[in-house]
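Residue numbers begin at 1 in each chain, while the letters A, B, ... track the order of the sequences.
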Protein chains: 2
Amino acid sequence: MKRTTNQRKAIRDVFSQTDRPLSTEEVHAAAQRHLPRIGIATVYRTLKLLLGEGWLTAVRLPGEPPRYELAGKPHHHHFHCRACGRVYEVPGNAELLDSILPAGFTLDSHDLMLCGRCAQCSGRPG
Amino acid sequence: MKRTTNQRKAIRDVFSQTDRPLSTEEVHAAAQRHLPRIGIATVYRTLKLLLGEGWLTAVRLPGEPPRYELAGKPHHHHFHCRACGRVYEVPGNAELLDSILPAGFTLDSHDLMLCGRCAQCSGRPG
DNA sequence: ACCATAATGATAATGAACAGCCATTGCCTT
DNA sequence: AAGGCAATGGCTGTTCATTATCATTATGGT
């Protein structure tokens with residue numbers, strides 16, 4: 001039987017109140033602001049749970065642990081800031097890639113990851 | 001002093017004779033065809049060396065170890081076959097993303113990863 | 001050819017992300 | 001309100017890619 005706990009509510013709230021994909025650690029830190037004793041194991045378990053019920057989707061990026069965001073959003077791409085490490089959403093045109101696929105290949109999905117500095121970090125040194 | 005060994009020559013040959021990014025294991029297997037006693041540690045060391053001198057570039061993909069390819073190739077994207085795990089090159093139109101960047105963001109690089117089944121695996125079950 | 005030493009290869013050690021364990025907590029049905 | 005049991009939290013264990021270690025091999029300047 002699935003139960004509604006304060007920890008799970010807190011983690012759902014974190015995602016409802018943000019507009020960018022969050023890593024496990026970011027979720028943990030954000031949830032701890034409301035539930036200081038929440039453990040990292042619970043965050044891992046709850047993220048897996050929310051993935052399983054299709055409430056979250058994973059945003060996987062190379063060489064880093066996955067981020068998670070609310071499922072069902074309109075098509076968009078992601079921008080990874082190499083200064084602060086945060087991942088942002090950017091609007092996406094989805095029809096760009098139909099023509100470039102070699103013969104015989106079957107396309108399931110695609111992922112466009114942009115890399116640079118976000119507005120907040122563009123003005124800073126480093 | 002840097003020495004030219006048979007192992008390093010073999011690894012360079014592997015990349016000169018292929019047209020898709022190779023994982024460490026793929027490089028090891030290919031090099032072993034000519035040098036059966038080559039160790040995986042040497043492959044790791046040599047890949048790092050060739051990266052350092054700019055002869056190779058890394059192709060990083062989410063949740064998997066990086067692939068490597070010859071540096072200096074014309075702009076292209078990558079296709080990851082979810083059946084056989086191989087990564088292929090696909091021709092790239094580079095001007096796809098000029099318009100979609102939010103104000104204040106600085107773009108350093110981008111990476112378009114396509115995911116599906118390659119020509120070889122498209123006909124097979126699974 | 002000689003030999004200092006760079007490079008190799010087998011294996012142990014590391015590091016990071018995540019899962020398992022288990023005593024304790026607290027949700028929810030009755 | 002009470003207790004069965006799902007869920008939690010602190011921890012250890014696992015997994016996997018990669019790196020360190022070290023005795024041995026082999027390259028290249030002399």
Exercise. Quick one: B:Glu64 CD to D:dT15 P, roughly how many Å, whole number?
Worked result: 19 Å
Problem set entry | Residue A:Arg37, side-chain atoms from C-beta onward, closest of D:dT8, D:dG10, D:dA17 | D:dG10
Problem set entry | Between C:dA17 (C1') and A:Leu61 (CG): distance, integer Å | 14 Å
Exercise. Is A:Thr24 near enough to C:dA17 that one of its side-chain N or O atoms lies under 4.0 angstrom from OP1 or OP2?
Worked result: no
Exercise. Does B:Arg60 pair with A:Glu64 as a salt bridge, N-O distance under 4.0 Å?
Worked result: no
Problem set entry | Atom-pair distance (CD on B:Gln7; P on D:dT27), nearest Å | 8 Å
Exercise. Quick one: on DNA chain D, does B:Pro65 or B:Lys2 contact a more 5' nucleotide (nearest heavy atom)?
Worked result: B:Pro65
Exercise. Can you tell me how far C1' of D:dG10 sits from CD of A:Gln32, to the nearest Å?
Worked result: 13 Å
Exercise. Taking atom CZ of A:Arg117 and atom OG1 of B:Thr106, what is their separation to the nearest 0.5 Å?
Worked result: 7.5 Å
Problem set entry | Side chain of B:Thr5 - closest among C:dC18, D:dT21, D:dT27 | D:dT27
Seminar exercise, completed: dist B:Arg8:CZ -> B:Leu47:CG (nearest 0.5 Å) comes out at 11.5 Å
Problem set entry | Distance-only donor-acceptor test (3.5 Å): side chain A:Arg45, base D:dG9 | yes
For this session: I would like to know whether B:Arg67 and B:Arg86 meet side-chain contact (heavy atoms from CB on, under 4.5 Å); could you show each step before the answer?
Result: CA-CA 9 Å; B:Arg67 313 301 207 270; B:Arg86 283 190 288 236; over 6 Å; no
For this session: Give, for atom CG of A:Leu61 and atom CG of B:Leu61, the distance between the pair rounded to the nearest 0.5 Å.
Result: 11.5 Å
Seminar exercise, completed: Of C:dT5, D:dT18, C:dA17, the nucleotide closest to the side chain of B:Pro66 is D:dT18
Problem set entry | Of the listed nucleotides C:dT11, C:dT5, D:dC5, the one nearest the side chain of A:Arg3 | D:dC5
Exercise. Under 4.0 Å: is that the gap between some side-chain N or O of B:Tyr44 and OP1 or OP2 of D:dT18?
Worked result: yes
Problem set entry | Nearest-angstrom distance from the residue atom CG of A:Leu49 to P of D:dA6 | 14 Å
Exercise. Of all the nucleotides listed (D:dT8, D:dT19, D:dG10), which has the minimum atom distance to the side chain of B:Lys48?
Worked result: D:dT19
Exercise. Side chain of A:Arg8: nearest nucleotide among C:dA7, D:dA7, C:dC28?
Worked result: D:dA7
Seminar exercise, completed: To the nearest angstrom, the NZ-C1' distance between B:Lys9 and D:dG28 comes to 12 Å
Problem set entry | Rounded distance (Å) that lies between atom C1' of D:dA17 and atom CZ of B:Arg67 | 13 Å
Problem set entry | Protein-nucleotide distance (B:Leu47, atom CG; D:dT18, atom P), rounded to Å | 9 Å
For this session: Scan A:Ile40 against the nucleic acid and name what it touches under 4.0 Å (heavy atoms): base, sugar-phosphate only, or nothing.
Result: nothing
